[in-house]
Amino acid sequence: MEPTDHSFTSHVASQFSAYEKDRNLQSGSALYTTSNGVPMPHPYETQRVGENGPLLLQDFHLIDLLSHFDRERIPERVVHAKGGGAHGVFECTHPIPELTAASLFSARGKKCPVTVRFSTVGGEAGSHDLARDPRGFAVKFRTDDGNWDMVANNTPVFFLRDPAKFPHFIHTQKRDPSTHLSATDDSTMFWDYLCNNPESVHQVMILLGDRGIPDGWRFMHGYSVHTLKLVNSKDEWVYCQLHMKSMQGAKFITQEESAKLSPDYSQKDLYQAIARGDFPKWSVEVQTMTPKQAEDVWEKQRINVFDLTHVWPQGQFPRRKVGEFILNENAVNYFAEIEQAAFNPAHMPPGIEPSADPVLQSRLFSYPDTHRHRIGANYQQLPVNAPKTSFAPANFQRDGSMAFFNQGSRSAYLSSIDPIRFRARTVDLHKTHGHFTGEAITFLSEIRPEDFNGPRALWQKVWDEPARQRFISNTAGNMSRCREKEFIRRQISIFREVDPDIATRLEKATGIQGYEGIAGLGFNGTHNGMASDARLRHANGLSVEKGSSVAENNGAPARGTHKGSEGAIGV
């Protein structure tokens with residue numbers, strides 16, 4: 001039936017109310033058309049000059065079909081390209097208003113919708129789900145006060161703590177620029193990086209241990225890795241680490257088993273579990289630390305809360321449950337609801353703030369920047385990325401590619417006669433992020449004995465003997481694909497600092513003799529605070545004539561960093 005209201009207002013209302021109709025439209029109810037809505041008799045027909053002549057440029061149907069086909073792939077993610085996910089619901093089970101003003105943690109039973117994307121890190125979009133690789137674990141909480149994106153991993157530590165290293169490290173996970181081989185066939189770049197950046201050793205041991213290949217996404221945990229801040233309504237704050245613990249338990253797959261399974265194993269497992277009603281759940285838990293405690297653990301235990309190669313001891317800082325989320329809804333259209341999902345660690349509602357962790361600080365810029373490149377400036381208008389709030393959000397961001405919602409006739413600036421509304425300030429940043437006055441410095445972290453405490457505990461106290469044997473087998477197998485034996489000698493020397501037993505076993509397994517620790521080595525990626533020769537201390541023989549980038553506290557919050565810690569809880 002022809003519409004009776006021919007106004008543009010009616011047209012716009014119809015268009016944007018039609019999203020859910022389109023999402024669930026069945027083939028039998030749809031009519032084949034070109035992109036501008038003109039019906040066509042058949043999708044395979046073309047126009048040509050006679051039955052054996054060339055095609056006609058006027059055949060818009062064919063040009064429309066081919067030109068869209070040429071452009072139907074957006075750039076894949078530089079990292080986390082292979083992944084999948086689903087939708088669900090978060091519910092607060094143990095409110096923490098004394099710790100944070102974040103609305104989703106304000107009351108028992110408080111709920112909000114979530115979208116979760118799991119992924120591998122280094123591989124391409126078509127790579128294997130069961131690659132030996134860390135897993136991304138990104139959760140979009142659509143809270144009353146806007147979206148909170150918890151961009152996490154399935155490991156509690158990472159390979160680096162200096163932000164400028166990140167692009168370099170990721171390049172070592174990609175194809176060799178000369179041979180075009182991936183690490184499946186040639187691991188030389190991988191070991192070159194690792195043997196020059198020993199702070200990565202804890203993550204390397206996790207990667208080459210049992211947790212390196214989780215049994216799909218349902219059976220793995222998620223960790224914020226970075227330190228955040230929780231701020232309550234009184235502007236009191238604590239440092240925080242977030243854990244998402246699989247309520248299905250944690251399971252792993254061995255290297256040998258992984259070769260026998262589908263390249264889409266993890267996505268298939270998740271999709272089919274949700275389809276049959278076996279909805280996976282995760283417990284959301286927090287560790288907290290006061291600023292004074294952060295200074296104390298550095299002074300007494302050499303644990304740096306701004307260093308994502310370090311962990312917080314759970315016996316000392318126990319986990320505290322705050323809620324659960326369940327994944328109970330598969331995507332209807334994978335591209336629209338998962339591939340276009342964009343997660344940004346800078347998306348934090350009131351009550352959650354970033355810490356001074358330098359890698360987190362760099363990601364606050366990098367993530368939204370890559371989304372604008374990959375999807376477009378208006379990527380947050382897509383339904384999967386849009387916030388779900390009780391108020392109508394407005395700003396002064398206009399125009400750009402695909403601006404479906406362009407904010408009507410409101411002024412594109414802060415009008416003095418027709419201003420938009422403002423909410424009263426919810427967080428006093430003077431108390432939460434203040435006292436950062438100081439001289440500009442150059443900074444690069446330094447390897448010190450405390451960097452080996454975590455991986456040593458993993459080897460000696462966490463793993464049993466079969467787990468140690470699997471680690472040695474996995475590591476030696478990976479090293480066998482490295483063309484440069486010098487990299488292996490250096491890496492074995494790093495493992496010797498963790499525990500001499502690791503070095504001895506790897507020397508036997510690889511037939512390569514490592515160095516006697518790292519005191520006699522210089523690194524191109526980090527300063528060596530354990531060097532026996534002063535000439536080896538600075539990364540790459542860096543000249544220190546006009547200043548060294550070594551800091552006495554190695555970037556940690558040393559005594560007095562928080563200036564009495566006013567505004568902090570429990571000081």
Side-chain angles (χ1 to χ4, degrees), residues 12 14-37 40 43 64-77 80-89 112-120 124-127 129 136-142 147 149 216-218 262-280 325-344 370-388 401-405:
V12 170
S14 172
Q15 284 295 101
F16 291 110
S17 67
Y19 175 78
E20 185 61 24
K21 295 176 183 176
D22 174 75
R23 184 171 182 257
N24 295 300
L25 187 64
Q26 300 298 309
S27 297
S29 303
L31 183 68
Y32 180 67
T33 73
T34 55
S35 62
N36 59 321
M40 297 298 294
D64 188 47
L65 174 71
L66 294 178
S67 58
H68 188 280
F69 174 75
D70 292 344
R71 295 165 175 80
E72 69 183 22
R73 289 292 180 269
I74 62 176
E76 71 174 37
R77 292 166 171 87
H80 301 276
K82 178 65 184 294
H87 310 298
V89 179
C112 76
V114 300
T115 293
V116 178
R117 184 177 185 269
F118 306 103
S119 57
T120 52
E124 301 149 349
S127 58
D129 274 0
F137 194 126
V139 185
K140 188 179 294 292
F141 296 88
R142 297 182 181 87
N147 288 349
D149 289 347
W217 296 321
R218 293 186 299 138
S262 164
D264 297 320
Y265 174 87
S266 300
Q267 170 62 13
K268 180 171 68 173
D269 174 72
L270 177 69
Y271 189 94
Q272 292 179 349
I274 294 174
R276 66 175 178 265
D278 184 10
F279 303 137
F325 65 83
I326 185 171
L327 296 183
N328 57 9
E329 184 181 356
N330 277 318
V332 171
N333 184 284
Y334 175 87
F335 180 84
E337 300 171 44
I338 303 298
E339 184 62 24
Q340 290 193 130
F343 300 86
N344 176 5
T370 197
H371 297 325
R372 293 183 187 104
H373 156 70
R374 193 175 73 88
I375 310 174
N378 292 303
Y379 72 94
Q380 293 192 82
Q381 294 187 19
L382 294 168
V384 70
N385 297 321
K388 182 182 177 67
S401 176
M402 309 298 279
F404 295 113
F405 298 94

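Side chains included, hydrogens not; waters and symmetry mates left out as well; all remaining heavy atoms used.
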Without swapping roles, check the side chain of [X] against the backbone of [Y] for a donor-acceptor pair under 3.5 Å.
| X | Y | value |
| --- | --- | --- |
| Asn330 | Ala86 | no |
| Asn378 | Phe404 | no |
| Glu337 | Val384 | no |

Between [X] and [Y], which heavy-atom pair has the shortest distance, and what is it?
| X | Y | answer |
| --- | --- | --- |
| Pro387 | Asn147 | CA-OD1, 3.3 Å |
| His371 | Asn344 | NE2-N, 4.4 Å |
| Asp129 | Lys82 | OD1-NZ, 2.9 Å |
| Gly84 | Trp217 | N-CH2, 3.4 Å |
| Glu124 | Ser127 | O-OG, 2.6 Å |
| Gly83 | Tyr334 | O-OH, 2.6 Å |

- Task: Apply side-chain hydrogen bond (donor to acceptor under 3.5 Å, both in side chains) to Tyr265 and list each qualifying residue two or more places apart in sequence or on a separate chain.
- Result: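 With sequence neighbours excluded, Tyr265 shows a side-chain hydrogen bond (donor to acceptor under 3.5 Å, both in side chains) to Asp215, given in chain and number order.
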
- Steps toward side-chain contact (heavy atoms from CB on, under 4.5 Å) verdict (Met402, Gln381): CA-CA 9 Å; Met402 309 298 279; Gln381 294 187 19; over 6 Å; no

Sub-4.5 Å side-chain heavy-atom contact between [X] and [Y]:
| X | Y | value |
| --- | --- | --- |
| Pro43 | Tyr32 | yes |
| Phe343 | Lys140 | yes |
| Pro75 | His373 | yes |
| Arg142 | Thr115 | yes |

Kindly list each side-chain donor-acceptor pair under 3.5 angstrom involving residues 268-280, sequence neighbours excluded, with atom names and distances?
| unit_1 | atom_1 | unit_2 | atom_2 | d |
| --- | --- | --- | --- | --- |
| Asp269 | OD1 | Arg218 | NH2 | 2.9 |
| Asp269 | OD2 | Arg218 | NE | 2.8 |
| Asp269 | OD2 | Arg218 | NH2 | 3.4 |
| Asp278 | OD2 | Arg218 | NH1 | 3.4 |

- Query: CG/Asp64 to CZ/Phe69 distance, rounded to the nearest 0.5 angstrom?
  - Reply: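 These two atoms lie 14.0 Å from each other.
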
- Say you draw a straight line from CE of Met40 to CG of Leu65; how long is it, rounded to the nearest 0.5 Å?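 Going from CE on Met40 over to CG on Leu65, the span is 10.0 Å.
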
- Message: With a 4.0 Å cut-off on N to O distance, would you call Glu339 and Arg73 a salt bridge?
- Response: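 No.
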
- Query: When you look at Arg117 and Arg77, which way does the side-chain contact (heavy atoms from CB on, under 4.5 Å) test go after all the steps?
  - Reply: CA-CA 13 Å; Arg117 184 177 185 269; Arg77 292 166 171 87; 3.4 Å; yes

